[in-house]
Amino acid sequence: MKTKTLGLMTLSLLTLAGCNATNKENAKTSLVPADKFDLTHWKITIPTDSNNDGKVDGISAKEIQTYQHPEFFYLNGDGNMVFATPNRAFTTPNSSNTRSELHQVVADMDAKNDSFADNFALQNNKDAQKYGQIGGNLQASLAVNHVAKRAKYPNKPPAFSVVVGQIHATKDKERVAEGKGYGYGNEPLKIYYKKWPEHKYGSVFWNYERNLAKENPDRQDISYLVWGTPWDKPTNPGEQGIALDESFSYEVNVYHNTMYLTFTSERLGTKEFEINLANNIDANGQVDELDHPNGYTGDANFFKAGAYDQCSIKDDPGMWYPACLGTGDWQTDMKNGDYAQVTFSRLVAGPAKEPQK
């Protein structure tokens with residue numbers, strides 16, 4: 001891991017990025033997010049079931065060009081893009097975490113769904129040339145406005161947290177059937193913000209999930225701290241953390257087989273990480289013998305960004321289930337603090353960039 005601190009340069013860059021992601025939810029504009037952000041290559045999942053089919057709503061890349069939701073996905077008075085999601089709501093199959101979250105579609109929005117064209121691959125993928133891209137780049141400037149405040153099991157790591165950016169691998173039954181260790185739908189990257197209710201400042205960290213079968217007990221997240229305190233520690237991070245409504249930026253650059261991560265805060269400077277996603281060497285340069293030796297080499301991948309609430313309402317012994325509270329009524333849950341909200345002032349996705357040495 002490399003660490004460096006930037007002063008006026010960081011301030012200038014963040015100012016140019018328009019990073020004034022304060023929460024002005026009562027001053028919404030009549031424009032939709034696609035009027036201010038390039039959402040040509042994004043679709044979105046919203047925590048609703050508007051057609052009463054028992055499934056969470058998904059808005060296609062074509063539909064999102066004219067879409068907003070007045071509670072969960074809209075532009076605020078500053079022209080920034082707001083994502084909100086209650087703890088209890090409709091969500092995707094096999095998940096108990098709600099989300100208002102964009103899902104990258106690499107192919108043109110008018111193209112037919114294609115598992116290759118819609119996703120990106122690592123350079124070492126044997127089918128790499130079939131994919132829409134080899135690698136990719138995602139840049140975002142944002143502020144977390146709110147994280148869930150109430151959990152039955154507050155000491156479980158996901159409590160009081162939200163994921164604001166991801167790389168997700170696709171689920172692929174054929175790849176799983178090949179027995180080569182791919183197609184499980186795991187996540188080589190989740191960027192988290194977590195704040196305990198009694199603390200002024202929260203923490204930012206990122207997790208890498210070992211690419212193993214769901215039933216494998218070694219399929220665990222490896223967490224790397226950016227600012228604040230580790231996700232499993234209740235220690236108050238103080239001013240070494242990030243406050244609610246405080247802007248920060250991230251860049252995810254997957255070039256060839258390596259993921260380069262850059263996190264920038266006006267107040268705390270810049271931190272950089274890198275990890276090869278095509279082997280089992282971790283971000284500290286150590287071999288992880290429990291991980292798949294070829295990492296995510298054989299998977300199809302895509303970016304996600306928004307508010308992916310980690311405060312699951314499920315009451316279960318597993319570590320991912322802090323049994324957070326929520327009624328399913330948005331106004332009630334807002335009043336009780338049982339929701340997550342994130343505001344993006346910048347979001348840009350595109351091809352990978354050759355790292356500058």
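In what follows, every heavy atom counts, from backbone to side chain, and hydrogens, waters and symmetry copies are set aside.
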### Task
For Leu75 and Leu31, work out which heavy atoms get closest and say how close.
CD1-CB, 3.7 Å

### Query
Does the distance from a Lys or Arg side-chain N to an Asp or Glu carboxylate O, for Asp309 and Arg99, drop under 4.0 Å?
no

### Message
Between Ser96 and Thr91, is there a side-chain heavy-atom distance shorter than 4.5 Å?
### Response
no

### Query
Minimum heavy-atom separation for Asn253 to Lys353, with atom names?
ND2-O, 2.6 Å

### Task
Decide whether a cation-pi geometry holds between Lys194 and Phe160; the criteria are a distance under 6.0 Å from NZ or CZ to the six-membered ring centre and an angle within 45° of the ring axis.
no

Taking only distance into account, with no hydrogens and no angle test, what donor-acceptor pairs under 3.5 Å do side-chain atoms of residues 227-238 form with protein atoms, sequence neighbours excluded?
from	atom 1	to	atom 2	distance (Å)
Thr229	OG1	Ser203	OG	3.4
Thr229	OG1	Thr235	O	3.2
Asn236	OD1	Gly238	N	2.9

### Message
Quiz question: by atom type and distance under 3.5 Å, do the side chains of Thr327 and Asp329 form a donor-acceptor pair?
### Response
no

#### Entry: Exercise: identify the closest heavy-atom pair between Gly181 and Asn211
O-ND2, 3.6 Å

### Query
Given Lys55 and Asp49, is the salt bridge (Lys or Arg N to Asp or Glu O under 4.0 Å) satisfied, shown in steps?
CA-CA 6 Å; Lys55 300 178 181 178; Asp49 177 20; over 6 Å; no

### Query
Is the closest side-chain heavy-atom distance between Phe72 and Thr48 below 4.5 Å?
yes

### Summary
Result for ring pair (Phe, Tyr, Trp, His ring centres under 6.0 Å) between His168 and one of Phe302, Tyr296, Phe120 points to Phe302

### Task
Would you check, one step at a time, whether the test side chain to side chain donor-acceptor pair (under 3.5 Å) holds for Asn145 with Asp245?
CA-CA 5 Å; Asn145 313 123; Asp245 298 322; 2.8 Å; yes

### Query
Angle class for the Trp196/His199 ring planes (parallel below 30°, perpendicular above 60°, tilted otherwise)?
tilted

### Message
Is the distance from the ring center of His103 to that of Phe303 below 6.0 Å?
### Response
no

### Query
Given the rule in the side chain to side chain donor-acceptor pair (under 3.5 Å) test, do Asp291 and Tyr208 qualify, once you have shown the distances and angles that lead to the verdict?
CA-CA 10 Å; Asp291 196 9; Tyr208 168 88; 2.6 Å; yes

### Query
Hey, does the Lys NZ or Arg CZ of Lys156 hover above the aromatic six-ring of Tyr153, less than 6.0 Å from the centre and inside 45° of the axis?
yes

#### Entry: Carboxylate-amine/guanidinium proximity below 4.0 Å for Asp315 and Lys152
yes

#### Entry: side chain to side chain contact (heavy atoms under 4.5 Å, CB included) between Val162 and Val342, worked out
CA-CA 9 Å; Val162 60; Val342 184; 4.2 Å; yes

### Between Tyr192 and Trp206, ring centroids under 6.0 Å
no

### Task
Test Tyr131 against Asn125 for side chain to side chain contact (heavy atoms under 4.5 Å, CB included), laying out the working first.
CA-CA 10 Å; Tyr131 285 85; Asn125 190 310; 3.9 Å; yes

### Message
Is it the case that over 12 heavy atoms from other parts of the model lie below 6.0 angstrom from the NZ atom of Lys43?
### Response
no

#### Entry: 4.5 Å side-chain heavy-atom contact, Asp299 and Thr170
no

### Query
Yes or no on side chain to side chain contact (heavy atoms under 4.5 Å, CB included) for Asn280 and Val287, after CA distance, side-chain angles and deciding distance?
CA-CA 6 Å; Asn280 61 340; Val287 174; 3.9 Å; yes

### Message
Using salt bridge (Lys or Arg N to Asp or Glu O under 4.0 Å), reason through Asp338 and Arg88 one step at a time and then give a plain yes or no.
### Response
CA-CA 8 Å; Asp338 300 328; Arg88 181 184 293 274; over 6 Å; no

### Query
Can you name the closest pair of heavy atoms from Cys324 and Asn87 and give their distance?
CB-ND2, 3.7 Å

### Query
Is the shortest heavy-atom distance from the side chain of Val348 to the side chain of Arg346 under 4.5 Å?
yes

### Message
Taking the six-membered ring for Trp, are Phe83 and Phe344 closer than 6.0 Å centroid to centroid?
### Response
yes

### Task
Taking atom CD of Gln240 as the centre, report whether more than 12 heavy atoms of other residues, nucleotides or ligands fall under 6.0 Å from it.
no

### Query
Which of these, Asn137, Thr270, Thr262, sits in a side-chain hydrogen bond (donor to acceptor under 3.5 Å, both in side chains) with Glu251?
Asn137

### Query
With distance as the sole criterion, is a donor-acceptor pair present between the side chains of Asp221 and Asn207 under 3.5 Å?
yes

### Heavy-atom side-chain contact between Asn97 and Tyr308 under 4.5 Å
yes

### Query
Can you name the closest pair of heavy atoms from Ser249 and Ser141 and give their distance?
OG-OG, 2.8 Å

### Summary
Here the gap from Thr85 atom OG1 to His146 atom NE2, rounded to the nearest 0.5 Å, amounts to 12.5 Å

### Query
Is it the case that Lys314 places NZ or CZ above or below the six-membered ring of Tyr321, under 6.0 angstrom from the centre and within 45 degrees of the axis?
yes

### Message
Walk me through whether Tyr339 and Trp330 qualify under ring pair (Phe, Tyr, Trp, His ring centres under 6.0 Å).
### Response
CA-CA 9 Å; Tyr339 71 100; Trp330 176 235; 5.3 Å; yes

### Query
Would Ser50 and Asp57 satisfy side chain to side chain donor-acceptor pair (under 3.5 Å), going step by step from the backbone distance to the final call?
CA-CA 7 Å; Ser50 59; Asp57 288 334; 3.1 Å; yes

### Query
Do other residues, nucleotides or ligands put more than 12 heavy atoms under 6.0 Å from Glu198 CD?
yes

### Task
Let me see the working for Met259 and Leu189 under side chain to side chain contact (heavy atoms under 4.5 Å, CB included), right down to the final yes or no.
CA-CA 9 Å; Met259 178 174 69; Leu189 174 67; 3.9 Å; yes

### Message
Under a 3.5 Å threshold, yes or no: a donor from one side chain and an acceptor from the other, between Gln331 and Asp333?
### Response
no

### Task
For the pair Arg175 and Asp127, evaluate salt bridge (Lys or Arg N to Asp or Glu O under 4.0 Å) and give the outcome as yes or no after the intermediate values.
CA-CA 12 Å; Arg175 286 288 168 101; Asp127 296 316; 3.0 Å; yes

### Task
Show your working on side chain to side chain donor-acceptor pair (under 3.5 Å) between Asn257 and Asn124 and close with a plain yes or no.
CA-CA 7 Å; Asn257 299 308; Asn124 281 8; 3.0 Å; yes

### Query
Which heavy atom in Ile134 sits nearest to a heavy atom in Leu122, and how many Å separate them?
CG2-C, 4.1 Å

### Query
So how far is it from Lys304 NZ to Lys190 NZ, rounded to the nearest 0.5 Å?
11.0 Å

